[in-house]
Amino acid sequence: VRELAKNTHTVTMGKLKAHELRGKGKADLLKQLDSLKSELAVLRVAKVTGGAASKLAKIKVVRKDIARVLTVYNQKTKAAFRKDYGTSKYVPVDLRRKKTRALRRALTTKERSIKSKRTQTRESNF
């Protein structure tokens, strides 16, 4: 296990920046995610075996980096889906506008303007 850990251990220089990650492609992001996860596994092994304090402190940084990479990856995939659907009539629920529950259930302007036959006759007569 230690030999494997030594081979897969990668050193990241400080914190990853989200704006730098946005410039990368999906394949690069997935590759970076794999390397970060393997690094986290190495750090967790070091924690169990009683590693240095610097390694223990790095666990939090690596976890945040993983979260950052996943966030950028998910944002990219969602943006691609939005682009694919464009202005089509039916859009998946997770791509629709959130708004509030009340606003989503409110009548549209077209529905509000519709008048019943009775109302139409009353308006025409009086």
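These numbers come from a predicted model, not from an experiment.
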Does atom NZ (Lys26) have a neighbourhood of more than 12 heavy atoms from anything else shown, all under 6.0 Å? yes
Locate the shortest heavy-atom distance separating Leu107 from Arg112; write the atom from each residue and the value. O-NH2, 3.2 Å
When Leu33 is tested against each of Val72, Val69, Asp65 for side-chain contact (heavy atoms from CB on, under 4.5 Å), which residue passes? Val69
Show the numbers, then the answer: is there a side-chain contact (heavy atoms from CB on, under 4.5 Å) between Leu29 and Lys76? CA-CA 10 Å; Leu29 287 173; Lys76 278 184 175 251; 3.9 Å; yes
Name all residues meeting the side chain to side chain donor-acceptor pair (under 3.5 Å) criterion together with Ser116; count only those two or more places apart in sequence or in a different chain, and write none if there are none. Thr119
Please list, chain by chain and in numerical order, all residues satisfying side chain to side chain donor-acceptor pair (under 3.5 Å) with Ser113, sequence neighbours excluded. none
Taking atom NZ of Lys99 and atom CZ of Arg105, what is their separation to the nearest 0.5 Å? 12.0 Å
Nearest 0.5 Å, please: how far is CD in Glu39 from NZ in Lys55? 9.5 Å
Separation between CD1 (Ile59) and OG (Ser54), nearest 0.5 Å, reads 10.5 Å
Does CZ belonging to Arg63 count more than 12 external heavy atoms closer than 6.0 Å? no
Return the CG to CZ distance between Leu56 and Arg44, rounded to the nearest 0.5 Å. 12.5 Å
Any sub-3.5 Å donor-acceptor pair from Lys15's side-chain atoms to Lys64's backbone N or O? no
Roughly how far apart are Arg68 CZ and Leu36 CG, rounded to 0.5 Å? 10.0 Å
Ignoring hydrogens, what is the shortest heavy-atom contact between Tyr90 and Tyr85? Give both atom names and the distance. O-CD2, 3.9 Å
Is Arg104 atom CZ crowded by more than 12 heavy atoms from other residues, nucleotides or ligands, each under 6.0 Å away? yes
Taking a hydrophobic cluster as the set of Ile, Leu, Val, Met, Phe, Trp and Tyr residues connected by side-chain heavy atoms closer than 4.5 Å, whether directly or through intermediates, do Val62 and Leu70 fall within one such cluster? yes
Decide if atom CZ of Arg82 counts as having more than 12 heavy atoms of other residues, nucleotides or ligands within a radius under 6.0 Å. yes
Atom CD1 in Ile66, atom CG in Asp34: separation rounded to 0.5 Å? 10.0 Å
Is Leu21 close to Gln32 at the side-chain level, that is, under 4.5 Å between some pair of heavy atoms? yes
